[in-house]
There are 2 protein chains.
Amino acid sequence: MQHTELKVGELARRTGLSVRALHHYDEIGLLKPSAHTASGHRLYTAEDIARLSHILSLKQLGFSLEEIAETLGRADFSALRVVELRLQRAREQLAEQRQLCDRLDSLARLLRAAEPVSADDFLQTIEAMTMFEKYYTPEQLKELEARRQAMGDDAIKEVQAEWPRLIASMREEMEKGTDPASEPVRALATRWRELVRAFTGGNPGMEKSLQTLHQQEPQVAQRQGRDPKLTEYVGRAMACLDAPK
Amino acid sequence: MQHTELKVGELARRTGLSVRALHHYDEIGLLKPSAHTASGHRLYTAEDIARLSHILSLKQLGFSLEEIAETLGRADFSALRVVELRLQRAREQLAEQRQLCDRLDSLARLLRAAEPVSADDFLQTIEAMTMFEKYYTPEQLKELEARRQAMGDDAIKEVQAEWPRLIASMREEMEKGTDPASEPVRALATRWRELVRAFTGGNPGMEKSLQTLHQQEPQVAQRQGRDPKLTEYVGRAMACLDAPK
DNA sequence: GGTACAACCTCACGTCGCGTGAGGTTCAAG
DNA sequence: CTTGAACCTCACGCGACGTGAGGTTGTACC
């Protein structure tokens with residue numbers, strides 16, 4: 001009754017691995033059972049099981065099967081170095097995961113703040129985010145996020161709704177040929193500046209990044225119904241605001 | 001000179017993708033160029049490029065190519081739901097990554113505290129960690145980690161060196177047949193209890209977990225040179241400590 | 001027109017850690 | 001002697017391409 005040797009099924013049951021996995025380990029030479037029955041059934045000895053437990057330990061630490069084989073193969077390796085290398089990799093992956101979560105989280109919040117969005121809006125939003133990540137520093141992005149949090153979803157919704165109206169009004173004046181220094185345009189320009197300030201927080205670095213974005217990626221502005229002509233018109237209106245009446 | 005259409009190489013260069021990747025997208029039907037030259041070279045139109053930019057956006061959010069194809073295929077999907085599902089997945093993966101990093105970090109610290117370790121020590125340490133994670137609650141693990149931090153590497157080193165000596169001394173007394181109530185054994189038992197207390201912090205929950213671990217996994221104790229007989233001897237010595245002289 | 005050489009094309013296999021059959025043999029119990 | 005569970009050996013599939021192999025096309029220069 002000396003059942004010290006186990007068959008695959010038994011071993012699989014005890015370790016939680018699949019039979020196929022054990023077959024695989026055998027195939028790649030990671031864990032070859034030291035005995036077989038006459039008919040070819042695998043028999044795992046106590047030693048094999050000990051080796052397997054080492055394998056599982058290393059697997060839990062995220063090592064690949066190849067690395068595990070190598071590690072168990074030679075006894076002269078530096079454990080600390082191996083672990084530190086693996087830790088470094090894990091840290092990098094952790095940072096990536098964090099970034100991904102942040103992105104998804106921001107996006108989810110933006111979507112919750114918006115009206116039910118069309119597929120096109122959705123993709124536009126993602127692209128806008130990508131642009132942001134390209135032109136703003138991580139610190140600036142954090143600041144923006146903080147301001148968004150502080151404003152709350154409803155306020156964001158309002159601003160998002162106001163922009164198209166404001167742009168449309170401005171375009172109307174431009175097409176009517178209204179003087180940028182005139183009172184109605186001054187009012188629009190003032191509001192325009194307020195909204196931009198609300199976004200940049202009056203931070204000059206932030207304003208610069210926003211400008212760069214618009215210069216390098218004109219299609220972003222165009223999607224919002226703005227074009228170079230309108231931008232120039234707004235620019236003139238802003239200049240008039242600064243100049244005394 | 002209307003070069004609005006791009007060849008693969010050009011497009012690859014501009015997007016940072018590989019030519020092979022674009023071929024792949026073509027193969028699986030994710031992005032089929034809308035035109036070809038007479039000789040079969042792929043020509044990507046502005047529309048194709050727009051689609052590709054959508055693809056890359058979604059890819060950046062961690063969606064699989066299949067999911068991307070599906071998402072771009074129908075316009076009636078709920079953007080928020082899709083993103084929230086993806087976010088959930090990402091959060092789970094993040095938690096796993098965190099755990100992995102913690103494990104590796106603890107291990108690295110343990111290894112730094114220890115003398116240059118043999119392969120066997122290394123594997124034993126990992127297995128001990130696995131046991132710990134199995135028998136202690138996450139809060140208990142945190143507490144242990146905090147205590148380790150507070151002790152510092154050198155103190156840990158000392159304790160790790162003292163245990164084998166203490167166990168050896170105790171075994172010696174047992175084999176000599178010394179009375180567990182005798183003075184030398186009382187001294188050893190006192191130190192034994194101190195070391196255990198230093199580990200458990202006097203926390204009864206922690207002591208219980210430790211006991212469970214030793215009961216369920218006797219091989220852990222055995223590796224340290226302890227066996228049931230020694231455990232029983234120590235138990236008697238402890239009882240004598242509590243009883244008045 | 002010829003001759004490089006870069007850029008393009010289409011197969012087609014390799015990666016990693018197994019899952020999932022297919023199709024056949026062996027074991028243990030009734 | 002049968003039955004059903006457990007075992008065996010192939011061998012393909014996944015996901016997102018990398019990496020050649022081997023051949024054609026495009027472009028520049030002589």
- Task: With DNA chain C as reference, determine whether A:Ile28 or B:Leu43 sits nearer its 5' end, using the nearest nucleotide of each.
- Result: B:Leu43
- Nearest-Å distance, CG (A:Leu22) to P (C:dC18)? 10 Å
- Nearest to the side chain of A:His23, which nucleotide is it out of D:dT9, D:dT19, D:dC12? D:dT9
- With a 4.0 Å cut-off on heavy atoms, is A:Val8 in touch with a base, just the backbone sugar-phosphate, or nothing at all? sugar-phosphate
- Task: Considering only NZ, NE, NH1 and NH2 on the basic side and carboxylate oxygens on the acidic side, decide whether B:Glu47 and B:Arg51 come within less than 4.0 Å.
- Result: no
- Would you kindly give the CG-to-P distance between A:Asp26 and D:dC10, to the nearest whole Å? 12 Å
- To the nearest angstrom, the CZ-C1' distance between B:Phe63 and D:dG15 comes to 17 Å
- Return the nearest nucleotide to the side chain of A:Leu65; candidates are C:dG17, D:dG15, D:dC17. C:dG17
- Task: Please state how far atom CZ in B:Arg13 lies from atom P in C:dC8, giving the value in whole angstrom units.
- Result: 10 Å
- Task: Please report, rounded to the nearest Å, how far the P atom of C:dC13 is from the CZ atom of B:Arg20.
- Result: 13 Å
- Phosphate contact (C:dC18 OP1 or OP2) by A:Ser18 side-chain N/O below 4.0 Å: no
- Message: Using OP1 and OP2 only, check whether a side-chain N or O of B:Ser39 sits under 4.0 Å from D:dG26.
- Response: yes
- Query: Side-chain N or O of A:Arg42 less than 4.0 angstrom from OP1 or OP2 on D:dC8?
  - Reply: yes
- Of the listed nucleotides D:dG26, C:dT20, D:dC7, the one nearest the side chain of A:Lys7: D:dC7
- After noting the C-alpha distance and the side-chain angles of B:Thr200 and B:Asn203, does the key distance pass the side chain to side chain donor-acceptor pair (under 3.5 Å) rule? CA-CA 6 Å; B:Thr200 64; B:Asn203 183 328; over 6 Å; no
- Message: Less than 4.0 angstrom from a charged side-chain N to a carboxylate O is my criterion; do A:Arg20 and A:Glu27 meet it?
- Response: yes
- Query: When the nearest nucleotide of DNA chain D is assigned to A:Val19 and to B:Ser64 on a heavy-atom basis, which residue is associated with the more 5' position?
  - Reply: A:Val19
- Name the residue closer to the 5' end of DNA chain C, choosing between A:Thr37 and A:Leu17 according to the nucleotide with the nearest heavy atom. A:Leu17
- Item | For atom OH of A:Tyr25 and atom C1' of C:dG17, their distance in whole Å | 8 Å
- Message: Measure CD/A:Glu10 against P/D:dA5 and give the value in whole Å, please.
- Response: 16 Å
- Query: Between B:Arg86 and B:Glu67, is the closest basic N to carboxylate O distance under 4.0 Å?
  - Reply: no
- Message: Under a 3.5 Å distance rule, please check whether A:Glu10 uses its side chain to pair with a backbone N or O of A:Lys7 as donor and acceptor.
- Response: no
- Quick one: is C:dC18 close enough that its OP1 or OP2 comes under 4.0 Å of any side-chain N or O from A:Lys59? yes
- Task: Rounded to the nearest angstrom, tell me the gap between atom CG in A:Leu56 and atom C1' in C:dG17.
- Result: 14 Å
